[in-house]
Amino acid sequence: MEYRYYRELKHNYLVLENNSGDEYEDNAYQYRIAGSKRVRELLPCSVRRINGSKYYYYEINSMQSLKDRFTSKGMGAGDILDLLKAVRSLLENMSEFLMTEEGIIFNARCVYTDLSTGEYRFMFCPFFDESRSFSEFALECLELIDESDERAAQIVYNLCEKSAVRGEFIYQIIEEILMESSEDGLEEETSFPAKEVFEEAFLTEDSDTNIEEEDGTKQGSRMKRAGRRLGGKTELLFALMFTAVVGAMVYIRMNYILSDQENLLSILVMLVSAVTGMVALVTGLRDIKNAGGGSSEDAARRKDEITREQEEDMPEVFEEFEETNGYFKKPKESAGRTKRTTSNMSDIKEETYGETVVLGEDFNEQMTLFSRNLDKTIRIALDALPITVGKMEGCVDRVISDASVSRMHCRFMEEDGRVFVLDLGSTNGTYRNGKKLKAQEKTFIEEGDEIRIGRVCFDCR
């Protein structure tokens, strides 16, 4: 199946041309169902006629295919179960419109997952007649599972065996596997992080707004300041009310003749109102002052704390690093490295002056990417390919915490000893020497090239 990727404003499309030779009317029942979004599990599809040819535009936006999504991080047991549940729900919803699984493309390249919700979407193409069985799709899932997850392997092996024996009875196969998994307690696993986590951590997929803090500190301090300001205004209002009470008591004493008990009560009310009013006035003014004037001090203090944390986490230029929470930090002291605490040469241990090792001819220095437009240099070694780069921790191999970088931005791979980069349909694109790369198109890179990921520039050395 030949298809291409097309970006239109903020929409990403997978474009498929109908070159089968069969004529399908635009108002055909199946197409109307696929384009009406009544079946939630299907990719939204629209038909366009260009120069006499008919094209089908499948809206994928920030989704990633099953193949790209789980190339770096394999599918766990929870991911497999969610996929099977999505297939079951798809078949049930299509049966309501008297439609079968014919036309659904079960292919790891044509099944998409929404990175923000973890939901799966499938392509529906009635004119596509590729002779693929569901058992072949099960074998593709077998290649994508996490090898360290024994439960995932057990489920997929079971899926492969049943689909090979039972043929195309997809719904019955999935129902049996989900029932067996439920009896074994596998469905209790959490396969995908909560939606709120992704909404908080990856809010800037299509925006240039930076995420200032992830722990809610800024929002909490802002709410505290707002509460202080509101409390201060309330206390000033109470002070005004008590002042009015005192004025009313003075007016009554001057214009009316009071008995001894009334005279004593009025004096007591005046004293209590005056003291309470003064306390409310002083407290209200102080709260308003703290809420307004303390904001700059709090902001400066938070900025200093964030700067110190980033300086501790980020590496020195050209040093090896390991990835932690989207930042890069210095590696732990290795056993063979002696930590130096003084500049006095006499204090350095003699074992650091070991014999120099001669490198063999088979030593091959791998290419490395060095950022050059950030405050701290980011180093990405292209030594263990494939490497997926993005800002979605847990789904990529190298995390770059920048608002211009997509969740899964690009992937570096190797072919015949050469390294190439593959853009994964990112929002802001991947560039080689200033030229924007097409989505899912191989582009080989060499030493001296400039690779731009979003707005972060890297030198290839």
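Only this structure's heavy atoms are used, side chains among them; waters, hydrogens and symmetry mates stay out.
A salt bridge links Arg455 to Asp402: at least one charged side-chain nitrogen sits closer than 4.0 Å to a carboxylate oxygen.
By the 30° and 60° cut-offs, the orientation of the rings of Phe106 relative to Phe137 is tilted.
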Test log, rule side chain to side chain contact (heavy atoms under 4.5 Å, CB included), inputs Tyr5 and Ile60:
CA-CA 10 Å; Tyr5 293 88; Ile60 57 178; 3.8 Å; yes
Between Asn107 and Glu140, does the side chain to side chain contact (heavy atoms under 4.5 Å, CB included) criterion hold? Intermediate values first, please.
CA-CA 8 Å; Asn107 189 314; Glu140 285 187 300; 3.7 Å; yes
Candidate pair Asn61 and Asn12, rule side-chain hydrogen bond (donor to acceptor under 3.5 Å, both in side chains), full reasoning
CA-CA 4 Å; Asn61 290 340; Asn12 279 332; 5.9 Å; no
Stepwise side chain to side chain contact (heavy atoms under 4.5 Å, CB included) check, Arg411 with Val421
CA-CA 6 Å; Arg411 178 175 293 123; Val421 59; over 6 Å; no
Please lay out, stage by stage, how Arg7 and Thr427 fare under the test side chain to side chain contact (heavy atoms under 4.5 Å, CB included).
CA-CA 9 Å; Arg7 181 166 183 83; Thr427 300; 3.4 Å; yes
List the steps and the verdict of side-chain hydrogen bond (donor to acceptor under 3.5 Å, both in side chains) for Ser404 and Asn428.
CA-CA 6 Å; Ser404 65; Asn428 295 309; 4.9 Å; no
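Here the side chain of Arg253 pairs no donor or acceptor atom with the backbone of Asn255 at under 3.5 angstrom. Remark: the backbone N or O of Val87 is not paired with any side-chain donor or acceptor of Glu41 at under 3.5 angstrom. With hydrogens and angles disregarded, a donor-acceptor distance shorter than 3.5 Å links the side chain of Glu262 to the backbone of Ser259. In this structure, Ser65 contributes its side chain and Asp68 its backbone to a donor-acceptor pair below 3.5 Å. Remark: the backbone N or O of Ala381 is not paired with any side-chain donor or acceptor of Thr368 at under 3.5 angstrom. Under the 3.5 Å distance criterion, the side-chain polar atoms of Ser371 are left unmatched by any main-chain donor or acceptor of Phe458. Using modelled atom types, one side-chain atom of His409 and one backbone atom of Ser406 make a donor-acceptor pair closer than 3.5 Å. Proximity of a side-chain donor or acceptor of Ser273 to a complementary backbone N or O of Val269 within less than 3.5 Å is detected. In this structure, the side chain of Tyr58 does not engage the main chain of Leu42 through any donor-acceptor pair within 3.5 Å. One N or O on the side chain of Asp423 and one on the backbone of Ser426 form a donor-acceptor pair closer than 3.5 Å.
No side-chain heavy atom of Asn93 sits less than 4.5 Å from a side-chain heavy atom of Met99. The closest side-chain heavy-atom distance from Tyr57 to Tyr6 is below 4.5 Å.
Few gaps surround NZ on Lys73; more than 12 heavy atoms of other groups in view lie less than 6.0 Å from it. Residue-environment remark: CG (Asp260) stays at or below the threshold of 12 foreign heavy atoms within 6.0 Å. The neighbour count for Phe238 CZ, taken as heavy atoms of other residues, nucleotides or ligands under 6.0 Å away, does not exceed 12. Counting non-hydrogen atoms of neighbouring residues, nucleotides and ligands closer than 6.0 angstrom, the NZ atom of Lys37 reaches no more than 12 such neighbours. Applying the 6.0 Å contact sphere to CD1 of Ile50 captures more than 12 heavy atoms from other residues, nucleotides or ligands.
Contact record, Leu144 with Ala108: CD1-CB, 4.3 Å, taken as the closest heavy-atom pair. When all heavy atoms are compared, the tightest approach of Val396 to Val399 is CG2-CG2, 3.8 Å. Between Ser62 and Asp114, the shortest heavy-atom distance links the atoms OG-OD1, 4.4 Å.
With sequence neighbours excluded, the residues satisfying side-chain hydrogen bond (donor to acceptor under 3.5 Å, both in side chains) with Glu92 are Tyr171.
A cation-pi arrangement is present between Arg48 and Tyr13 under the rule of less than 6.0 angstrom and at most 45 degrees off the ring axis.
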